[in-house]
Amino acid sequence: MYYSSGNYEAFATPEKPDGIERKHAYIVGTGLAGLSAACYLIRDAQMPGENITLFENLPLAGGSCDGIHDQSKGFIMRGGREMDNHFECMWDLFRSIPSIVNPGETIFSEYYKLNKDDPNFSLCRVTQNQGQDAHTDKKYGMSKEALAELTKLFLATDEELADKTIDDVFDDKFYNTNFWIYWQTMFAFEKWHSAIEMKRYMQRYIHHIDGLPDLSALRFTRYNQYESMIKPMVKYITDAGAKIEFEACVTDVVCDCTTDRKVARQLSYTQAGQRHTLHLTENDLVFVTNGAQGDGSAYGDQTHAPVVDIQNGTGPSVDLWKMLAKQDLSFGHPEKFFKSIKETSWESWTVDTANRQILSAIEAICHRDPLSGRVVTGGIVTAKDSSWLLSWTINRQGQFTDQPDDHCLIWVYGLNCWDDKGDFVDKPMYQCTGEELCAEWLYHIGIPRQDIRRLAEEECNTTPCMMPYVTSFFEPRRAGDRPDVVPAGSVNLAFIGQYAETPRDTVFTTEYSIRTGMEAVYTLCGVDRGVPEVWSSVFDVRDLLRSVYMLTDGKKLSQMDLDLKQRMALQTVLKMVRGTEVEKLLQSEGLI
């Protein structure tokens with residue numbers, strides 16, 4: 001497997017690998033990573049579909065990319081997926097997967113046309129005082145000291161940041177900026193999360209520095225992620241002959257491990273109360289989703305709070321990874337990621353309403369008709385004075401193909417689940433019913449106090465979900481804690497998903513899951529075609545200069561807060577570049 005850039009390799013069709021018809025693939029998990037691995041096996045490795053089996057612990061494919069209409073609870077969205085124009089592996093794959101809702105289109109062409117016609121951007125990113133615009137006004141509000149801290153992180157090595165938290169790097173000068181409000185709530189970072197991961201995000205998306213304050217960097221699917229992405233992928237692989245074993249929990253993969261070779265020899269799973277064991281040869285390829293952010297998800301309803309019933313460090317995918325990790329050091333360290341549910345959880349809830357008073361309050365904030373079928377909030381709206389650090393979003397309606405035309409679905413989430421009482425509801429978030437969670441959100445969008453309880457109880461249906469491991473991949477780590485996609489010496493075993501290691505890319509993205517699936521298939525099958533490298537904006541001087549301009553809220557170099565020595569050095573440099581292409585570049589990026 002090798003990386004490539006440009007469109008030379010992107011348009012190539014690889015030759016069929018020798019002996020692929022004699023190989024079989026067993027894929028653990030049907031999230032984006034598992035499904036993408038199956039798609040790449042079929043499209044690029046050209047493995048016969050009937051040679052591919054996927055095991056799914058749940059009765060439905062999709063992993064954390066869900067969108068469920070539960071007849072007893074209501075509509076459920078545990079989260080949303082925000083896409084980027086430089087998700088190179090994702091678009092490479094989705095240009096080949098036919099759309100279900102638009103015959104003749106691929107997922108990519110459908111998505112491209114949608115976002116061209118209806119581009120995403122927010123008209124109100126942050127509120128305070130019960131739905132009033134906080135007027136962050138696309139400004140970052142960075143002090144000289146905060147900029148220095150951010151720059152130091154950006155330039156630090158992974159070795160320097162090993163096992164460090166964000167809080168080890170920043171202080172209140174940084175936390176009090178608009179940058180941190182935007183950043184924390186968009187990506188769900190907490191102060192105790194990995195400094196390495198925050199650095200990776202900064203480097204990965206430096207080309208979107210001007211799109212962070214108003215979320216114009218983002219693109220979304222038309223419907224919920226299950227209907228827009230997962231169903232077409234499932235159809236693609238099953239039409240090709242692949243088989244999915246549902247409610248089949250893989251409990252162990254036994255490997256022969258030496259210093260030089262690692263071979264998966266046995267795979268065990270339980271289904272319908274019975275244990276099954278597959279004996280594997282070197283022609284049997286095993287792709288393991290090691291860890292899942294959705295493990296142990298607990299659901300509530302309108303009148304019941306969700307109850308988390310798993311303990312720290314347990315769950316089907318976690319238990320499987322632990323069994324593998326015992327066999328070889330290169331298989332990673334799951335204990336680093338699943339040690340504390342209180343550190344890795346947040347709660348989200350889906351509000352379903354057709355009430356005009358609520359819809360009018362929404363429109364007053366986002367300045368768009370929530371039932372127009374077009375962009376509404378343009379990404380999350382954060383209530384900065386919420387004790388729960390509550391954020392909410394409305395994507396294009398309807399979000400489900402069977403959603404009533406006059407109903408609006410709102411996705412809400414809060415980062416402070418466990419200890420802080422609400423500003424309207426006198427309870428911590430995790431103790432709240434759907435009605436109570438809805439009431440807290442209604443308070444923060446400006447519904448009068450006297451109306452809140454009645455509207456939450458009678459005019460909304462709210463389905464909460466607590467995800468105990470949703471940000472577990474953000475836990476502080478060092479090299480080796482996540483296994484390589486294909487560990488050194490592995491003959492037939494690969495790791496895929498958010499807890500496998502691939503260079504430079506960022507977890508908690510659709511791209512990361514799909515990239516690991518692509519790398520795993522290309523490596524184990526010997527596919528002779530380049531995997532698109534992570535977009536290299538961090539090495540583009542134009543993007544770096546633009547970031548300086550944006551992070552200083554549009555200041556020119558001469559207006560920046562510099563001491564005498566720095567100012568004299570700047571003047572010397574500007575004299576040196578006068579009349580050169582460097583001067584033109586500085587002018588084009590607004591710095592002089």
Side-chain angles (χ1 to χ4, degrees), residues 82 84 119-154 166 169-191 198-199 201-218 364-368 375-386 389-393 415 444-446 537-538 542-562 566 570 586-592:
E82 303 160 335
D84 166 59
N120 188 80
F121 60 95
S122 167
L123 294 172
C124 180
R125 175 64 180 85
V126 182
T127 64
Q128 60 188 2
N129 301 327
Q130 295 174 259
Q132 300 303 304
D133 194 330
H135 286 293
T136 52
D137 298 330
K138 300 185 184 181
K139 302 295 185 183
Y140 282 110
M142 299 284 281
S143 66
K144 179 180 178 180
E145 294 80 8
L147 273 170
E149 290 179 347
L150 194 64
T151 303
K152 184 177 180 181
L153 175 67
F154 187 85
I166 291 170
V169 177
F170 296 111
D171 60 21
D172 286 343
K173 295 185 187 70
F174 175 76
Y175 295 135
N176 291 331
T177 65
N178 289 342
F179 183 99
W180 178 242
I181 291 256
Y182 300 148
W183 187 275
Q184 179 181 27
T185 54
M186 179 175 171
F187 299 122
F189 274 108
E190 301 276 19
K191 295 178 182 180
M198 182 165 178
K199 183 197 78 163
Y201 263 78
M202 289 169 55
Q203 294 181 340
R204 175 71 165 87
Y205 300 110
I206 195 70
H207 57 284
H208 282 320
I209 192 69
D210 53 351
L212 181 61
D214 68 355
L215 303 172
S216 57
L218 304 181
I365 292 171
C366 67
H367 308 291
R368 294 184 177 116
V375 165
V376 184
T377 59
I380 60 169
V381 180
T382 295
K384 68 178 291 186
D385 52 355
S386 162
L389 198 51
L390 180 152
S391 298
W392 56 280
T393 186
L415 285 171
H444 280 289
I445 66 168
S537 53
V538 69
R542 296 166 299 180
D543 287 313
L544 296 176
L545 291 174
R546 186 67 179 168
S547 71
V548 173
Y549 177 80
M550 293 302 301
L551 287 170
T552 57
D553 293 330
K555 289 187 175 71
K556 298 188 182 300
L557 292 175
S558 60
Q559 299 170 321
M560 293 180 186
D561 184 10
L562 305 175
Q566 291 168 329
L570 174 62
L586 291 170
Q587 288 170 342
S588 69
E589 300 306 327
L591 288 170
I592 59 174

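- Salt bridge K173/D171: present, at least one basic N to carboxylate O contact under 4.0 Å.
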Exercise for the section: Please lay out, stage by stage, how D561 and K555 fare under the test side chain to side chain contact (heavy atoms under 4.5 Å, CB included). Expected result: CA-CA 10 Å; D561 184 10; K555 289 187 175 71; over 6 Å; no
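- T177 contributes a side-chain N or O that, together with a main-chain N or O of W180, makes up a donor-acceptor pair within less than 3.5 Å.
- With hydrogens and angles ignored, the 3.5 Å screen pairs no side-chain donor or acceptor of R546 with any backbone N or O of D210.
- A distance of 10.5 Å separates NZ in K556 from CG in L586, rounded to the nearest 0.5 Å.
- Put simply, the side chain of K152 does not reach to within 4.5 Å of the side chain of V169, judged on heavy atoms.
- Of all heavy-atom pairs between F154 and V538, the closest is CZ-CG2, 3.7 Å.
- In this structure a side-chain-to-backbone donor-acceptor pair under 3.5 Å is present from D214 to S216.
- At least one side-chain heavy atom of L389 sits under 4.5 Å from a side-chain heavy atom of T382.
- Side-chain N or O atoms of N120 include one that pairs as donor or acceptor with a backbone N or O of G378 at under 3.5 Å.
- The side-chain heavy atoms of Q559 and T552, taken from C-beta on, include no pair separated by under 4.5 Å.
- The closest side-chain heavy-atom distance from E145 to F174 is not below 4.5 Å.
- Smallest separation of non-hydrogen atoms from F121 and V375: O-CG1, 4.1 Å.
- At least one donor-acceptor pair under 3.5 Å links the side chain of N178 to the backbone N or O of K139.
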Exercise for the section: I would like to know whether F170 and L153 meet side chain to side chain contact (heavy atoms under 4.5 Å, CB included); could you show each step before the answer? Expected result: CA-CA 9 Å; F170 296 111; L153 175 67; 3.7 Å; yes
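- When side chains are defined from C-beta on, T136 does not count as touching I181, because their heavy atoms never get closer than 4.5 Å.
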Problem - Full working for side chain to side chain contact (heavy atoms under 4.5 Å, CB included) between L212 and M550 - result: CA-CA 10 Å; L212 181 61; M550 293 302 301; over 6 Å; no
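- A heavy-atom distance below 4.5 Å is found between the side chains of M560 and V548.
- Under the 30°/60° scheme for interplanar angles, the aromatic rings of W183 and F187 are found to stand perpendicular.
- The aromatic rings of Y140 and F179 lie tilted to each other, with the angle between the two planes from 30° to 60°.
- The CG atom of L390 sits 15.0 Å away from the NZ atom of K384 when rounded to the nearest 0.5 Å.
- The distance from the CG atom of D133 to the NE2 atom of H367 is 6.0 Å, given to the nearest 0.5 Å.
- Contact record, I206 with S547: CD1-CB, 3.5 Å, taken as the closest heavy-atom pair.
- Here the shortest heavy-atom pairing between G379 and L215 reads CA-CD1, 3.5 Å.
- Between atom OH of residue Y182 and atom OG of residue S122 there is a gap of 9.5 Å, rounded to the nearest 0.5 Å.
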Exercise for the section: Could you walk me through whether Q130 and H444 pass side chain to side chain contact (heavy atoms under 4.5 Å, CB included), step by step? Expected result: CA-CA 4 Å; Q130 295 174 259; H444 280 289; 5.6 Å; no
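- For K144 against Q566, the heavy-atom pair with the smallest separation is NZ-OE1, 4.0 Å.
- Side chain of Q587 to main chain of I592: no donor-acceptor pair is present (N/O by atom type, distance under 3.5 Å, no hydrogens or angles).
- Heavy atoms only, all atoms of each residue included: C124 and I365 are closest at CB-O, 3.2 Å.
- Taken from NZ in K191 to CE in M198, the straight-line distance is 12.0 Å, to the nearest 0.5 Å.
- R368 CZ to T377 OG1: the interatomic distance, rounded to the nearest 0.5 Å, is 8.0 Å.
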